[in-house]
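Okay, so here's the structure we're looking at.
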Amino acid sequence: MTKKKNKVLEGAEYGVDSRYTSKKDKEVDGKTLMEARLKRMNNLSEDQIARAKLLQLKLKMEEYISKPVYQDNNFFTEFLTTYIDTIYSKRSNFAKDIDITPILLSKVINNHREPRDEFMMRLMIHSEKTYKNICEFHKKTWFQVYFHEKICDTMSSQDKWRPKVEKHVNVSKLIKAE
Amino acid sequence: MIVTDTTSGKSHQVKIEPVESGDYKNITKGRYFFDWAEEKDWEIYKLRIIDSRDILGLVSFERIPAEWRIHIRLLSVSKENKGSAKKYKHITGNLITYVSKIAIKEYAELACVSLKPKEIIAQHYIDKYGMNITGMTLSVEIIEIMNLINTYDHD
């Protein structure tokens, strides 16, 4: 390799100015790139698509547990439904794989029943095995999502439950301020 | 994600987070090669070693949702991390991987991260990060992104 080329390649690692010089440039490049990408996308296997969706799910769960979210969504069951539907064409097959009835799974997914420890632990093991060949997946992620949602829901709805609950709380031995 | 000290071989965990307004006085053209203040209207992220405030690398980018794509506008390491005498390695790889993770989070299997480096250095990015080339544009898509994540992301 020539000295000049060596120097240029060494320079490549310092950075890139990749800004488009005009809107037209951006549009033309985008169009050409999209045509090439669509061809490549058509060659993706079902497994490759599932891997991408599961990676997306993992990143969304990690983002969710990293900050307080005060929205009235059922995040745990939304993530769970995405997880199951990405892997299985029938939800009953997931129920079979973690040895629960399809009715119980349906109740959990539709928020008619809280998932018990047994359900959570089986989900944890199932995910460990699923993600093993995709990317790192922390054992505690599902638990964190579940409890994070509980904490956020409880904290954000204090005006609803607090007046009633507070009537039942008395601190008979109050520690005085110094 | 980690960077490795090229002298001691020691690895350090890094954090990548948005640039704050107070950072601009420190991210000078002299140390980071570009005028980063020009990028204020875009998303800009900085890479630092956990427990250190020193910025080792920067990236700015534009989300293009209609094309399921994120385009990297500027990317740079700090002056002392340039070339063969660099202090830490993996800064650029970590920054590209971080942007790729955002693309996956947004667009799943349709995700694409693009950049358009000047001619000769394009080959470096193709060789090192497995980028596709389309015209003058380089890109990583789902297969390359998965490889990047498995190489650089151990979080």
Determine, using the 4.5 Å side-chain heavy-atom cutoff (strictly less than), whether [X] and [Y] are members of one ILVMFWY cluster.
{"X": "B:W68", "Y": "A:I49", "answer": "yes"}
{"X": "B:Y45", "Y": "B:W42", "answer": "no"}
{"X": "A:W161", "Y": "A:V169", "answer": "no"}
{"X": "A:I103", "Y": "A:I98", "answer": "no"}
{"X": "B:V113", "Y": "A:L59", "answer": "yes"}

Distance check, rounded to the nearest 0.5 Å: [X] atom [atom1] versus [Y] atom [atom2]?
{"X": "A:I134", "Y": "B:N150", "atom1": "CD1", "atom2": "CG", "value": "10.0 Å"}
{"X": "B:L110", "Y": "A:Q56", "atom1": "CG", "atom2": "CD", "value": "9.0 Å"}
{"X": "B:S139", "Y": "A:D29", "atom1": "OG", "atom2": "CG", "value": "11.0 Å"}
{"X": "B:E106", "Y": "A:K60", "atom1": "CD", "atom2": "NZ", "value": "7.0 Å"}
{"X": "B:I104", "Y": "A:C135", "atom1": "CD1", "atom2": "SG", "value": "9.5 Å"}
{"X": "A:R51", "Y": "B:I145", "atom1": "CZ", "atom2": "CD1", "value": "13.0 Å"}

Of all heavy-atom pairs between [X] and [Y], which one has the smallest distance, and what is that distance?
{"X": "B:A108", "Y": "A:A52", "answer": "C-CB, 4.0 Å"}
{"X": "A:T32", "Y": "B:T134", "answer": "O-CG2, 3.7 Å"}
{"X": "B:I121", "Y": "A:G15", "answer": "CD1-O, 4.3 Å"}

Checking A:K53 against B:E109 for the side-chain contact (heavy atoms from CB on, under 4.5 Å) test, could you report, in this order, the C-alpha distance in whole Å, the side-chain angles of both residues, the deciding distance, and whether it holds?
CA-CA 6 Å; A:K53 287 184 189 297; B:E109 75 274 19; 3.3 Å; yes
Name the orientation class of the two ring planes belonging to B:F33 and A:Y14 (parallel below 30°, tilted from 30 to 60°, perpendicular beyond 60°).
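Tilted: the ring planes of B:F33 and A:Y14 meet at 30° to 60°.
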Report the C-alpha separation of B:S114 and A:L33 in whole Å, then their side-chain angles, then the decisive distance to 0.1 Å, and conclude whether the side-chain contact (heavy atoms from CB on, under 4.5 Å) test is met.
CA-CA 9 Å; B:S114 61; A:L33 180 59; 4.0 Å; yes
For the residue pair [X] and [Y], establish whether any side-chain heavy-atom pair is separated by less than 4.5 Å.
{"X": "A:K26", "Y": "B:I64", "answer": "yes"}
{"X": "A:Y20", "Y": "B:H71", "answer": "yes"}
{"X": "A:D25", "Y": "B:K116", "answer": "yes"}

Engaged part of [X] at the chain A interface, taking heavy atoms whose separation is under 4.5 Å:
{"X": "B:E141", "value": "side chain"}
{"X": "B:D127", "value": "neither"}
{"X": "B:Y32", "value": "neither"}
{"X": "B:E38", "value": "side chain"}

Taking atom [atom1] of [X] as the centre, report whether more than 12 heavy atoms of other residues, nucleotides or ligands fall under 6.0 Å from it.
{"X": "B:K79", "atom1": "NZ", "value": "no"}
{"X": "B:D51", "atom1": "CG", "value": "no"}
{"X": "B:R31", "atom1": "CZ", "value": "yes"}
{"X": "A:E118", "atom1": "CD", "value": "no"}
{"X": "A:D117", "atom1": "CG", "value": "no"}
{"X": "A:E46", "atom1": "CD", "value": "no"}

Any sub-3.5 Å donor-acceptor pair from A:S18's side-chain atoms to B:P117's backbone N or O?
no
Flag the pair B:E62 and A:R19 as a salt bridge only when some basic side-chain nitrogen lies within less than 4.0 angstrom of an acidic carboxylate oxygen.
no
Most contacts with chain B, counted as non-hydrogen pairs under 4.5 angstrom, among A:R40, A:M34, A:K31
A:R40
Side chain, backbone, both or neither of A:L44 within contact of chain B (heavy atoms, under 4.5 Å)
side chain
With only heavy atoms counted, which part of A:E35 is less than 4.5 Å from chain B, the side chain, the backbone, both or neither?
neither
By number, which residues in residues 83-90 of chain A have some heavy atom less than 4.5 Å away from chain B?
none
Name the residue from B:L74, B:L138, B:L115 that meets the side chain to side chain contact (heavy atoms under 4.5 Å, CB included) definition with A:V16.
B:L115
Check against side-chain contact (heavy atoms from CB on, under 4.5 Å), A:D17 and B:L75
CA-CA 7 Å; A:D17 182 351; B:L75 186 150; over 6 Å; no
Please lay out, stage by stage, how B:E67 and A:R37 fare under the test salt bridge (Lys or Arg N to Asp or Glu O under 4.0 Å).
CA-CA 10 Å; B:E67 298 175 26; A:R37 284 169 60 200; 5.0 Å; no
